[in-house]
Every structure is written in structure tokens, then in C-alpha cells.
2 protein chains.
Amino acid sequence: MTETSAQPEGTPAPRTRIQRRKREAILEAGLTVFSQEGFRGATLDRIAAEAGLSKPNLLYYFPSKEAIHTELLTGLLHTWLDPLRALDPAGDPLAELLGYVRRKLLLARDYPRESRLFANEILQGAPRMRPALEGELRALVEEYATVIKGWIDAGHIAPIDPVHLIFSIWALTQHFADFEVQVRAVLGSEDPFEGAEAHLDTVFRRILRPDADGPRTSA
Amino acid sequence: MTETSAQPEGTPAPRTRIQRRKREAILEAGLTVFSQEGFRGATLDRIAAEAGLSKPNLLYYFPSKEAIHTELLTGLLHTWLDPLRALDPAGDPLAELLGYVRRKLLLARDYPRESRLFANEILQGAPRMRPALEGELRALVEEYATVIKGWIDAGHIAPIDPVHLIFSIWALTQHFADFEVQVRAVLGSEDPFEGAEAHLDTVFRRILRPDADGPRTSA
DNA sequence: TCTTGATTTGACCAATCGGTCAAAGAGACG
DNA sequence: CGTCTCTTTGACCGATTGGTCAAATCAAGA
């Protein structure tokens, strides 16, 4: 029959050069639009326009709006957790943690749309990411919380709840991507990320500095 | 003519008891839906259903979707900045700042939808709040940054960028409302806010503790 | 009771939504 | 040149969107 048998499938590797390029452009556009408007607020027309394609042409490369969003989210968690995975249990604790903070901040600076896409998904109750959060994310956090706990018990850094420490790192770094407009509104023309790097370095040095008056967590 | 002259206007005080009640219900429903789906993602049908009204009936009390959203945002910034305004320049610096952190955290716990509505607006580039951010918000931050600067210069708290300190307080407290699903996914059944309060208290005590090795900001 | 104004709703509208389809175009190879 | 596959698009579809409107209902006073 007149079967359009060559329609590219959802995820598998694109065969031709042009397919790779157009799929890339669509994901780029989808990232821009989804991160700004959320899933429901985004429209195929806007994504298609942003990618420089007609809507039917966009739907030739992706079977649905959902498929674009899913593919974006799939890669996201991995990318987002990479800096945590780069944390070396055998390294110097303070340097490792400060390095993690810095990498996370640079990620927020260089990939703000990805950060906002993630934020949007979480804000909406993580309807499509919940399993990944309760599975992969939770496991990874627990793993590195144990590492941090080890550093604390060894006296290398000040005692602090490791999981909440990780939350704090996320919150303080992603804030500069997710709330960029607000930060810029307050700072004016000043570049947010320059001040941020020095500030976060200072902040986490103070939080983690092991010394002086001993443990005060239970007080 | 058959003029429906009694249609309540956008903002002014509702005349009857029933108007006050229904408008309240609509704003409640709007808060729930807008905070979850963002402006574009929210639908009048869902808001009406959530409020227990028919769509035309909802539009009898508010002239448009935009009007509901605007009214919600208008009250929001004020409520959100109140804890900062409660900061007493004549009080004990550490206690004042820790109190501010605590109040902000309780706000995030008790009014998570408001926090998420705000986050959604910022994420979308603050299309309806930009003026308020660059005006009221910025002015208030600068005002209290000066207060904090005074405390630092007097040696009451450790030297730190006051504006970034405020950003950090916002980020660390709002995180528990805006990213609640993620936090809960990691913590499991544990109540996020119990651990959070102790953690943030510890964190900001360490950040603000003035002592020991003198200024290290310019190093 | 009747009247008057406030409230509620079913039916409807134009615009936009996600998505389909058949047909037209483009490129590669013989 | 013809042909085969990949790509692109205009026209279109049913559903949903924000919003309107005239008519119905309700509440309370005269």
C-alpha cells in the first residue's frame, strides 16, 4: 500500500544527517518553550515556529508533543546528576564539595533552560518524573549522603545533615537559573553569576569548616 | 435596556456577602490551578470546577482569566515580602536574621501554593510582575541590605554580601515549597520541614557567626 | 402577591489546540 | 530520463480554549 513506512520512531538513532539535525532543532525549540511555559502551556505551533518548521513537518520527526517532552526529560536527570557523580569519595572533602557547588552553579549558568524545564516539571508535581525521582535520584542521594557522613565522622567537615546539605547545594545553585529574572531585577546590570560564585564559596566554607566550638547540632 | 449593570468590577470591594464568598472560592481555586499549571496551562473550566461553579458563573465574578491571575499576583508580593519587613534594624542581628529565615520557612510550609505561583511567574520570565520586581522588590532588598551592611560593619555578624545573603535565604526556604515533590521523593515519609528548620538554623548560624579568623571575603 | 435586582446556566461562538492525511517536492541513483 | 525514498506542506478534523448572551432562577422587599 501507500504506507509511510519510513517514519522515524520515538527514540532510536536517526538514520540520515538531516534527521539528526532537524530532531536536534526541534529538541532545542522544545527546550526553550517547555522551560518557559510548562508542558500544558507549550504549543506545537510555537515549538514548530521556534524550530523553523511547519507543524506537520515537526510531527514527521516526533510522533507527539508528549514525545518531545519525554525525550527532553529523559536526558535531563542524567545531565543534572552528573556533577554529583563526579564527587570523589577519596578526594579532599572540602575541595570535593566546593567543587560540586561550583560545577552545579556553572551548570545553572550555562544551561538555564534545562534547569527551568526541571523546575517546571517538579512544580507541576513531577507527573512524568516521579519514578525517576523516587528511584534513581533517591538512590544516588543516599549513596553520596553516606560518603558525606563518612567525612563528618572522620572530622574532615563540620557535622551537618548530609541530605539537607545536598538540598541546600541544589537550592542555592539552581536559584540563579530558575529565578534569574528576579535576581537580575534586584542586581540590575551586575552579572549575577560572578557574585554568586564568590558568595557560595564563602557560604559553604563557613558551613563546612570543622573546628572551634565542637558539635552544636543537638543544641 | 437589558443592561447587566450590576456586574462586579475587577478589584473593588464586593458588595454582597455571597459575592465575597464566591470571589474567595474562585481565587482559592485559581491559586491551586495556576500554581500547578502556570498561566497558560490553567483553564477556566478547571478553575470553575475546582471552585464548584459553572464557567459562565465564574465569569460573572471575574471579567477574565487574566483578572483572576492578576488579583492573585497583586496580593502575593506583599505577603511574600512581609517577613522581610518584619526585620527590626534595632534588634539583635543574628536573632533577627534567624527569625527571618524561620518565618520564611514557615511561610513556605503553610502557603506552598503561593510560593509555587510566584515561582511559576518568575520561571516564565515574570511577564506580569517585572515592574513590581524592579520597583518594590528591588527597593526593599536594597533597604535591608543596608541594614545588614550596618550589622557587618559593626562586627555583629560575619562579613558577607548582604544581597546575596537575602537571595540565599529565599532560595533555601522556598526550595521546600517549590521542590516539595523532589524533597519528599528523597526523604520518603519523613516530614521535610522538621529537618529543614534545624538544618537552616545551623547553616545560617555558621554563615553569620562573627569570629575567629577575621575577614576572608577578599581573599 | 408582584416586582426588582442579583445570580446561575445552557447554548453558542470564534480561535486555537494536538494531530492526520493525501499529495506535492527534493534528492540520489540508475 | 524515470523511479524510488525521504521530506515538506496545505487542507482539514474533532476537541478544547476563553468568552458571550439571552433566558431562567433565586431572594427579598413592597
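We use all heavy atoms of the structure for the numbers below, so side chains are in, but hydrogens, waters and symmetry mates are not.
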Inset, instruction - Report yes if a side-chain nitrogen or oxygen of A/Y61 is closer than 4.0 Å to either non-bridging phosphate oxygen (OP1 or OP2) of D/dC6; otherwise report no. - result: no
Inset, instruction - Evaluate whether atom CZ of A/F193 has more than 12 neighbouring non-hydrogen atoms of other residues, nucleotides or ligands under 6.0 angstrom away. - result: yes
Inset, instruction - Tell me what B/A48 touches on the nucleic acid: a base, only sugar-phosphate, or nothing, going by heavy atoms under 4.0 Å. - result: nothing
Inset, instruction - Look at the rings of B/F167 and B/H164 and say which category their plane angle falls in: under 30° parallel, 30 to 60° tilted, over 60° perpendicular. - result: perpendicular
Inset, instruction - Could you tell me whether B/R109 sits above the aromatic face of B/F176, with NZ or CZ closer than 6.0 angstrom to the six-membered ring centre and within 45 degrees of the axis? - result: no
Inset, instruction - Kindly say if B/K65 contacts the phosphate of D/dT17, meaning a side-chain N or O under 4.0 Å from OP1 or OP2. - result: no
Inset, instruction - Determine the contact category for B/K55: base if any of its heavy atoms lies under 4.0 Å from a base atom, sugar-phosphate if only primed atoms, P, OP1 or OP2 are that close, otherwise nothing. - result: base
Legend entry - Polar side chain donor-acceptor pair, A/R113 to A/T32, under 3.5 angstrom: yes
Inset, instruction - Examine C/dA6: is either OP1 or OP2 under 4.0 Å from a nitrogen or oxygen in the side chain of B/Q19? Give yes or no. - result: no
Inset, instruction - Determine the contact category for B/R46: base if any of its heavy atoms lies under 4.0 Å from a base atom, sugar-phosphate if only primed atoms, P, OP1 or OP2 are that close, otherwise nothing. - result: nothing
Legend entry - Contact under 4.0 Å: B/N57 side-chain N or O vs C/dT7 OP1/OP2: no
Legend entry - Residue A/Y60, side-chain heavy atoms: nucleotide from C/dA11, D/dT7, C/dT20 that is nearest: D/dT7
